[in-house]
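Here is the structure we will look at, set down as C-alpha cells.
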Protein chains: 2
Amino acid sequence: MTQDQWVPPVVLLAVDLVILTLRQSHLHVLLVERGIEPYRGALALPGGFLQHAEEDITVAAHRELSEEADLDLETLSLEQLGVYGDPGRDPRGRVVSVAYLAIAPRLPEPTAGTDAAAAGWQPIERVLSGDLTLAFDHQRIITDGVERARVKLERSSLATAFCGPTFTITDLQDVYEAVWGIPLDPRNFYRKVQKTEGFIVPAGTARKATTGRPARLFRAGPCTVLYPPMVRPTESPSEKE
Amino acid sequence: MTQDQWVPPVVLLAVDLVILTLRQSHLHVLLVERGIEPYRGALALPGGFLQHAEEDITVAAHRELSEEADLDLETLSLEQLGVYGDPGRDPRGRVVSVAYLAIAPRLPEPTAGTDAAAAGWQPIERVLSGDLTLAFDHQRIITDGVERARVKLERSSLATAFCGPTFTITDLQDVYEAVWGIPLDPRNFYRKVQKTEGFIVPAGTARKATTGRPARLFRAGPCTVLYPPMVRPTESPSEKE
DNA sequence: CTAGCTTCTTGTCAAGCTGACAAAAATAGC
DNA sequence: GCTATTTTTGTCAGCTTGACAAGAAGCTAG
C-alpha cells in the first residue's frame, strides 16, 4: 500500500456451508466425506473454491448449496457467518474460507445407502463434543454457526425456517428446544408466540393429529424481526464472555 | 474440487477497519484520504493488503489499526464484521476485504492541520446520508458496522469501550443515545444500568462537576454479556427485514 | 448569603411481561 | 364410555418498563 512496486500476496478463496436442520427433535448438521487430499476420507462441511476469478462469493455459496446438498434455494435462509483464514489451516497453501449459515426444514437423507455411510446429517452434539473429528477448522466453524443460530432465534423469525410451510406451535417449540438445548414450558411458549405480532399466522382450519388434542396449524408471519424478542432463560447468571 | 488438474482462482486479500468513536455526543468514523489510485484523493476506511502470504488476518487488522490510527490496542474492542468481495468492487482485480469493527474511546484529532484536511473523524450522519462520497463499497461497510454496533450495545457491555477508564452514568447514556440515535430518559436509564449486575461498578469517591450536581464515577464491570439486555425502544412496530 | 439554575439521584405508580402451575378441551384407543 | 395424551385457555404473584415527581448537590448572580 505504500510502494507501487510491492506486490500484495494472493490467497485461495473458498466457501464453506453450515447447513442446519432438525431431525427427530435434534439439531443436525450436513457433513460430507472428503474425496481428495488433504483429509481424504474425513468428514467436512460442504464447500469448495470459487469456480472462476469473477464468481461472486454469495453466488458460490448458493452453487455449493445446490451442488452438494441439492436444496431448494428459494425457501432457505443463507447468511454470512465469518471468515476463517488462519495460515496453516490448509496444508495446500493459504486458503481463506468464507463460511455461510443455512437453515433448512426437515429433509430426506441425502446419502441413501451409498458407501459414504458416515456422511449426511450428523447430530450436532457429536460434533460439539468432539466425538466426530472433522477436517480443517470445521468444528470451530460449526460451533460458531450454532451459536449464531441460537442468538438469531431470539430476535428473528428464523425458527420458522426450520419448519415446513405449515406447522404447529409445538413444532416451533421443538425448534427452540433443539437449538437452545433446553426445555421450555409449552403453555408460556404458546402464549408468547401468539402475542408476538407477525411471527405466526393461522393457516386455514386444517389440523394435525397423532395422539392427543389436534393442534392448530400456522404459517410464518410477515415479520422477520421479533419484537419483543424471545428470551432465552437465564443463560447463566452474570456470564462473562 | 472435482479434478486434480483444475487450479482454483486466487484473490487479493485486504482488511478494512471501521473505527467508531464518540465526539461531542455524536458518533464518528475514522476515514483517511487515499494516496494512490484507484480513488486517489477520495475518503476511505483505513486498511490495506496482507503484508505477506502468511500473515494472520487478525494480526493484519491490528497492524493496520496501529499503523493508520495509532491506537492503543489493549483497550480496544475489535471484531470481525464480514467479508466484502464483490467482483468489480476494486478495479485492480479481484480484491476480497475482511472488515473489522473497532470501538475507541474519545481520541485526539489524528490529522492535526495537515493538508489532508478532509481526513480524520467524520460524523457518521454525513456518511450514512451519502453527503460524503467514499471509495469502493466503504459506505456499505460502514452502514453494516454501525448496525452491528447498535445491536451489540443491547447485549454486551460494549458501550463502556466508548468511554474512558472512568465515566459517569450520563456519559454512558450519551453513548447509547449517539449510537442508537434516539433520546433516553435519564432516570430510567440510571435505574437500568445500576441494576444490570456487573455492567458498571463504582470508581472511588471522585466526582465530576461542570455545572449542576456532581455525578458519581464508575468503571466498566466484570461482565461483558448483559443480562437482562438493554432494550432499544420500539425500533418501529412490526418491522420487516 | 440567598435565590435561581442545572444536573444528578432517588422514588412512585400503573401497565405489561414472565415463570410457575391449574384446568378445560379435543381426539385416539380400549 | 373411560382413560391417556396433547393442545389450549386461564390464573396469579413477582418483576421490569415507561412516564413522571421531587429531593439533593453543586455553581452563579445579585
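Everything quoted here is computed from the prediction, not taken from an experiment. In what follows, chains carry the letters A, B, and so on, assigned in the order in which the sequence lines appear, proteins first and then strands, with residues in each chain numbered from 1.
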For [X] and [N], give me the distance from atom [atom1] to atom [atom2], rounded to whole Å.
X      : N      : atom1 : atom2 : value
A:R232 : C:dC17 : CZ    : P     : 22 Å
A:L217 : D:dT8  : CG    : C1'   : 15 Å
A:Q173 : D:dT8  : CD    : P     : 11 Å
A:D171 : D:dT7  : CG    : C1'   : 12 Å
A:F167 : D:dT7  : CZ    : C1'   : 16 Å
A:E154 : C:dT18 : CD    : P     : 13 Å

Closest approach of [X] and [Y], non-hydrogen atoms and distance?
X      : Y      : answer
A:M230 : A:Y176 : CG-OH, 3.6 Å
A:A215 : A:T168 : CB-CG2, 3.6 Å
A:I169 : A:F218 : CG1-CE1, 3.6 Å

- line: Residues pairing under salt bridge (charged side-chain N to carboxylate O under 4.0 Å, His left out) where one sits in residues 168-179 of chain A, two or more places apart or in two chains, turn out to be A:D171-A:K208
Nucleotide N/O to protein N/O under 3.5 Å, stretch nucleotides 2-7 of chain C:
| unit_1 | atom_1 | unit_2 | atom_2 | d |
| --- | --- | --- | --- | --- |
| C:dT7 | O2 | B:R213 | N | 3.0 |

- prompt: For the side chain of A:K192 and the backbone of A:P229, is there at least one donor-acceptor N/O pair under 3.5 Å apart?
  reply: yes
message: I'd like to know if the side chain of B:R150 reaches the main chain of B:V179, judged simply by a donor and an acceptor atom lying under 3.5 Å from each other, with no hydrogens or angles considered.
response: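 Yes, the answer is positive, given that a donor and an acceptor are paired below the 3.5 Å cut-off.
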task: State the CG-CG distance between B:L45 and B:L31, to the nearest 0.5 angstrom.
output: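 Here the interatomic distance stands at 6.0 Å.
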field: Members of residues 179-195 of chain A that approach DNA chain D, where some heavy atom sits under 4.0 Å away
entry: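 Result for residues 179-195 of chain A: A:R187, A:Y190, A:R191, sorted by number.
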message: Less than 4.0 angstrom between a side-chain N/O of B:R216 and OP1 or OP2 of D:dG26, yes or no?
response: no
task: Anything under 30° is parallel, anything over 60° is perpendicular, the rest tilted; go ahead and classify B:F136 against B:H138.
output: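 It falls in the tilted class, 30° to 60°.
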